[in-house]
Amino acid sequence: MPDSIGAFQSFSGEQAGGHGGSEYLGGNFPMINGHPFVDHYRILQVDPKCSAKGLEAAYRSLAKQYHPDHTETADANKFSEIVEAYNLLRNAEKRAKYDLLYAAKTGFDFSKTDELNHEQSAYNDADAHEKILVLLYAKRRENAQDAGVGRYHVQKMLNCSDNHFEFHLWYLKAKGLIEITENGTVAITIDGVDHVISTSRTAMKEKLLIAQASASHEPWSH
């Protein structure tokens, strides 16, 4: 516990802009400038061991939901909490210090590993699917009538096992986003092209929202 408290004291100084100001109530409940410990993982609705990509995905979804521009679900207080939590946790060094505090406060065991991290696998698969579609989209735009790409080339780009590659092809084909040509190559379909365009437009809008939010909510600026 002393090591964790020491890490928190250093961490809280950063939060307070280097002014210190941390204190403790009975039972070692940490305070930051008179405010209770904040569970940033709860705010972002993620597992404390989630990946950086999972953290970003959760932030994008919540920031979009509570952004002041979304009149139906806008919540300025929640939006500020979400931005503050993400700005801290996306920084690897600050997240490591916060995790020491989090473990001391909640008893969460970061050293315990799951036999299979399904969340990480799902994010990795989603990333692989997008890479495949973007590759095939570029090929289709280059030559609409001969848009097939060899399986070996696609798998080499992903650098994955045969089993995982077959899973990716199965999923994308079942969704109607790709097709296997008569020559055995892989090509994107009309639905696949629509998916890439729609995803790209959404990503651009979300990046703009994140950039605007980060600019107006710099972490620990006070």
Side-chain angles (χ1 to χ4, degrees), residues 41 44-67 69-70 72-73 82 86 89-92 95 110 112-214:
Y41 290 116
L44 292 177
Q45 301 175 24
V46 295
D47 185 277
K49 292 192 293 183
C50 75
S51 64
K53 184 171 292 186
L55 199 69
E56 180 181 0
Y59 169 71
R60 286 186 176 185
S61 175
L62 292 171
K64 182 178 180 181
Q65 179 179 353
Y66 294 111
H67 193 279
D69 289 345
H70 291 234
E72 294 183 359
T73 58
I82 291 163
Y86 179 65
L89 296 176
R90 69 175 178 174
N91 182 296
R95 182 176 180 179
F110 283 92
K112 185 177 181 181
T113 58
D114 301 325
E115 292 184 6
L116 180 62
N117 190 332
H118 294 291
E119 179 196 18
Q120 185 63 55
S121 296
Y123 280 118
N124 289 342
D125 288 342
D127 186 54
H129 297 161
E130 292 304 317
K131 287 181 178 179
I132 292 173
L133 291 174
V134 169
L135 172 68
L136 300 180
Y137 173 82
K139 177 64 175 178
R140 177 71 76 177
R141 289 191 75 244
E142 179 184 317
N143 191 336
Q145 301 305 316
D146 185 16
V149 178
R151 292 187 180 213
Y152 173 78
H153 181 73
V154 179
Q155 184 174 359
K156 184 178 180 181
M157 183 263 299
L158 294 177
N159 190 29
C160 65
S161 68
D162 291 343
N163 286 339
H164 286 167
F165 182 60
E166 289 302 323
F167 167 76
H168 298 323
L169 293 186
W170 163 79
Y171 173 81
L172 294 173
K173 188 172 182 294
K175 293 285 288 185
L177 303 178
I178 67 170
E179 62 184 359
I180 307 302
T181 70
E182 295 180 355
N183 297 327
T185 58
V186 184
I188 196 169
T189 63
I190 293 176
D191 287 341
V193 170
D194 289 342
H195 174 85
V196 172
I197 293 174
S198 176
T199 301
S200 298
R201 294 178 64 181
T202 300
M204 288 297 293
K205 290 180 181 179
E206 290 178 348
K207 286 181 180 179
L208 180 59
L209 283 176
I210 291 173
Q212 293 173 340
S214 297

How close do [X] and [Y] get, heavy atom to heavy atom, and via which atoms?
X	Y	value
A58	V46	CB-CG1, 3.3 Å
I178	L136	CG2-CD1, 3.7 Å
A147	A187	O-CB, 3.9 Å
G192	I188	C-CD1, 3.4 Å
D146	K139	O-CE, 3.5 Å

Do [X] and [Y] have side-chain heavy atoms sitting under 4.5 Å apart?
X	Y	value
D162	Q155	yes
Y86	E56	yes
F165	V154	yes
D125	H164	no
L158	H168	yes
L44	I82	yes

Quick check: does any side chain N or O of [X] sit under 3.5 Å from a backbone N or O of [Y], one acting as donor and the other as acceptor?
X	Y	result
S198	D194	no
N183	T185	no
T181	G148	no

Quickly, which of I197, T199, V193 forms a side chain to side chain contact (heavy atoms under 4.5 Å, CB included) with H195? Name it, please.
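The option that passes is T199.
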
So which of Q65, K64, R60 actually passes side chain to side chain contact (heavy atoms under 4.5 Å, CB included) with L62?
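Result: among Q65, K64, R60, Q65 is the only option passing the side chain to side chain contact (heavy atoms under 4.5 Å, CB included) with L62.
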
Heavy-atom neighbours of H129 NE2 exceed 12 at 6.0 Å
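More than 12 within 6.0 Å, yes.
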
Is it true that atom CG of N159 has more than 12 heavy atoms of other residues, nucleotides or ligands lying nearer than 6.0 Å?
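It does not: N159 CG has 12 such atoms or fewer within range.
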
Value rounded to 0.5 Å, distance of [atom1] in [X] from [atom2] in [Y]:
X	Y	atom1	atom2	result
R151	I180	CZ	CD1	4.5 Å
R95	Y41	CZ	OH	3.5 Å
T189	L172	OG1	CG	9.5 Å
Y66	S61	OH	OG	9.0 Å

Pairing of E130 and K53 as salt bridge, 4.0 angstrom limit:
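Looking at E130 and K53, the cut-off is not met.
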
Lys/Arg N to Asp/Glu carboxylate O, K173 vs E166, below 4.0 Å
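No salt bridge links K173 with E166.
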
